[in-house]
Q: 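My questions will all concern the structure given below.
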There are 2 protein chains.
Amino acid sequence: MHVTKPSPTARERIVAGAADMISRRGLNATSIRETAKHARAPLGSTYHYFPEGKQQLATEAVRLTGAWAARSLRKELEAGPVAGLRAFLDLWRGIVVDSDFRAGCPVLAVSIEEPPADETPTALAAAAGVFEEWEGLLAGSLREHGAEPEQAAQLATLIVAAVEGTVAMCRAKRSTQPLDHTAAQLQALIVGAIRD
Amino acid sequence: MHVTKPSPTARERIVAGAADMISRRGLNATSIRETAKHARAPLGSTYHYFPEGKQQLATEAVRLTGAWAARSLRKELEAGPVAGLRAFLDLWRGIVVDSDFRAGCPVLAVSIEEPPADETPTALAAAAGVFEEWEGLLAGSLREHGAEPEQAAQLATLIVAAVEGTVAMCRAKRSTQPLDHTAAQLQALIVGAIRD
DNA sequence: GCTAGACTATGACGGCTGTTATAGCCAGTG
DNA sequence: CACTGGCTATAACAGCCGTCATAGTCTAGC
């Protein structure tokens, strides 16, 4: 009686748990001890899998979330930019609602915490990369459907920024109304942009 | 030889410093000890002025920032929604650039940190109130200039969310390009909305 | 001058933090 | 069989955290 699906490894559980905890409490308030406990992994294992410590763990958590959202975005964009937007919004709406307005986007959370020292923190660079990946996917789809290149790039930035900001507003207000507002406005914007 | 301008009281210095530190490192990573030191105030004074502790201090920091931005917004909106948007964007652009991409919006920072327990945290409620104040100012101006009420409310939400998200993206990318993109898109949107 | 109340100074409390070190287990290989 | 290398368990380190308590200082009003 063992599971047929390959259950995630301890390493994967730690990264996924870290992403969830960061999305709820922010990077600084997410401790490695609790992350390990949450993943039912011993503390020692954390430093075995992530020898560079917390920065490495945060970096991988950001990249995991980025790839997860990008996968969904890429797939739904095949049906056009409006469908892609809808999928992107629904993805975050699900996180916000399922967590009772307690979780958000870990990429945003990492982006707004000051780097600890003078060196360039890898987690922050990873967050920038994730934002650029999302923007690139959206901009490409907009161009394919007739939007001007510059317009497409600007609109893609607006979409990513607005969704991230809206998720935060929903958490503060404990309401999904901001998501409804943003969804309606962005959808109309996209329709106007690809209609040339 | 004493200053003629009334120098801010210790209490005001503590709140302003807390707002700055929260905007850089997030709420959980901002310690009361460092806040007091940054304001050249003794630690004991912090609990004298803010008997309810960190929550109260965070709440006042959020409200201070909210009122500060609302004042600027209200004034510039007299020249129309486009001027208001420009002022709002420039205000945050100044913070991001002056801090070398290390500071952002403390209201956003408070919004994305999980409430500590089951009680309703006052700081989070204050953040929700600030967002609503900003949205109300923008929506009112949009309506006055001919936008449909529902359109005005939706657009106001989009503007606030997009600006907050864009500031975070600028910090991650260490670039003001996202602000340029968002500014162009939002300005065009407003022009279209008030042209009826 | 003197007293009340606002403010400061100092120290302590238990608890959590990131990180490292060291010793042990236990599967798989030869 | 031995043994190697991936993983675990446990403990320790120095340091910071929010909060509270207490004693001291200063200043405004009588």
Side-chain angles (χ1 to χ4, degrees), chain A residues 2-3 6-19 21-22 24-62 106 109-110 113-119 121-124, chain B residues 2 6-19 21-22 24-62 109-110 113-119 121-124:
Chain A
H2 56 78
V3 286
S7 56
T9 67
R11 194 183 198 282
E12 290 167 339
R13 269 183 290 128
I14 294 173
V15 176
M21 290 174 62
I22 291 171
R24 292 172 184 267
R25 345 212 265 208
L27 175 55
N28 274 301
T30 297
S31 78
I32 293 195
R33 272 177 177 80
E34 286 199 30
T35 301
K37 193 174 300 179
H38 183 272
R40 267 183 259 293
L43 173 62
S45 296
T46 308
Y47 283 90
H48 174 77
Y49 291 122
F50 311 96
E52 289 165 57
K54 198 174 184 177
Q55 272 293 324
Q56 185 183 359
L57 181 52
T59 303
E60 297 209 18
V62 166
V110 166
E113 305 218 5
E114 196 173 42
D118 42 295
E119 359 117 33
T122 62
L124 191 60
Chain B
H2 55 78
S7 57
T9 68
R11 193 181 198 284
E12 290 167 339
R13 270 184 288 128
I14 293 174
V15 176
M21 289 174 63
I22 291 171
R24 292 172 184 267
R25 346 211 262 208
L27 175 55
N28 275 302
T30 296
S31 78
I32 293 193
R33 272 176 177 80
E34 286 200 30
T35 300
K37 193 173 302 181
H38 183 272
R40 268 184 261 290
L43 174 62
S45 295
T46 308
Y47 283 90
H48 174 76
Y49 292 121
F50 312 96
E52 291 165 56
K54 197 173 183 177
Q55 272 293 323
Q56 185 183 359
L57 180 52
T59 303
E60 298 210 18
V62 165
V110 166
E113 304 218 3
E114 197 173 43
D118 43 297
E119 359 118 34
T122 61
L124 192 60

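In the text below, chain A, chain B and the rest are named by the order of the sequence lines, each starting its count at 1.
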Q: Rounded to the Å, how far apart are His48(B) NE2 and dG18(D) P?
A: 20 Å
Q: Do any N or O atoms of the protein come closer than 3.5 Å to N or O atoms of nucleotides 19-23 of chain D, and which pairs are they?
A:
from	atom 1	to	atom 2	distance (Å)
dT19(D)	OP2	Tyr47(B)	OH	2.8
dT19(D)	OP2	Lys54(B)	N	3.1
dT19(D)	O5'	Tyr47(B)	OH	3.4
dT19(D)	O4	Arg33(B)	NH2	3.4

Q: Send over the distance from Leu57(B) CG to dG18(D) P, rounded to a whole Å.
A: 10 Å
Q: Salt bridge (Lys or Arg N to Asp or Glu O under 4.0 Å): which pairs involve residues 33-46 of chain A, sequence neighbours left out?
A: Arg25(A)-Glu34(A)
Q: With sequence neighbours left out, what residues match Arg11(B) under side chain to side chain donor-acceptor pair (under 3.5 Å)?
A: Glu60(B)
Q: Does Ser31(B) have a side-chain nitrogen or oxygen under 4.0 Å from the phosphate oxygens OP1 or OP2 of dC17(D)?
A: yes
Q: How far apart are the closest heavy atoms of Gly17(A) and His38(A), and which atoms are they?
A: CA-ND1, 4.0 Å
Q: Of all nucleotides in DNA chain C with an atom under 4.0 Å from a non-hydrogen atom of chain A, which is the first and which the last going 5' to 3'?
A: dT17(C) to dT20(C)
Q: Kindly give the heavy-atom pair with the smallest separation between Gln55(B) and Pro121(B), and that separation in Å.
A: OE1-CB, 3.7 Å
Q: Working to the nearest 0.5 Å, report the span between CD1 of Ile14(A) and CZ of Phe50(A).
A: 5.5 Å
Q: Enumerate the side chain to side chain donor-acceptor pair (under 3.5 Å) contacts for residues 44-54 of chain A, please, sequence neighbours excluded, ordered by first and then second residue.
A: none
Q: Apply side chain to side chain contact (heavy atoms under 4.5 Å, CB included) to Ala16(B) and list each qualifying residue two or more places apart in sequence or on a separate chain.
A: Leu64(B)
Q: What residues, two or more places apart in sequence or in another chain, satisfy salt bridge (charged side-chain N to carboxylate O under 4.0 Å, His left out) together with Arg13(A)?
A: none
Q: Reckon Thr30(A) touches a base, only the sugar-phosphate, or nothing at all at heavy-atom distances under 4.0 Å?
A: sugar-phosphate
Q: The criterion is side chain to side chain contact (heavy atoms under 4.5 Å, CB included); which residues satisfy it with Ala18(A), sequence neighbours excluded?
A: Thr35(A), Leu57(A), Ala61(A)
Q: Tell me the bend of the helix from dG1(C)-dC30(D) to dA23(C)-dT8(D) as the angle between end helix axes, each from five pairs, rounded to the nearest 10 degrees.
A: 10°
Q: Checking Thr122(A) now: which residues fulfil side chain to side chain donor-acceptor pair (under 3.5 Å) with it, not counting sequence neighbours?
A: Thr59(A)
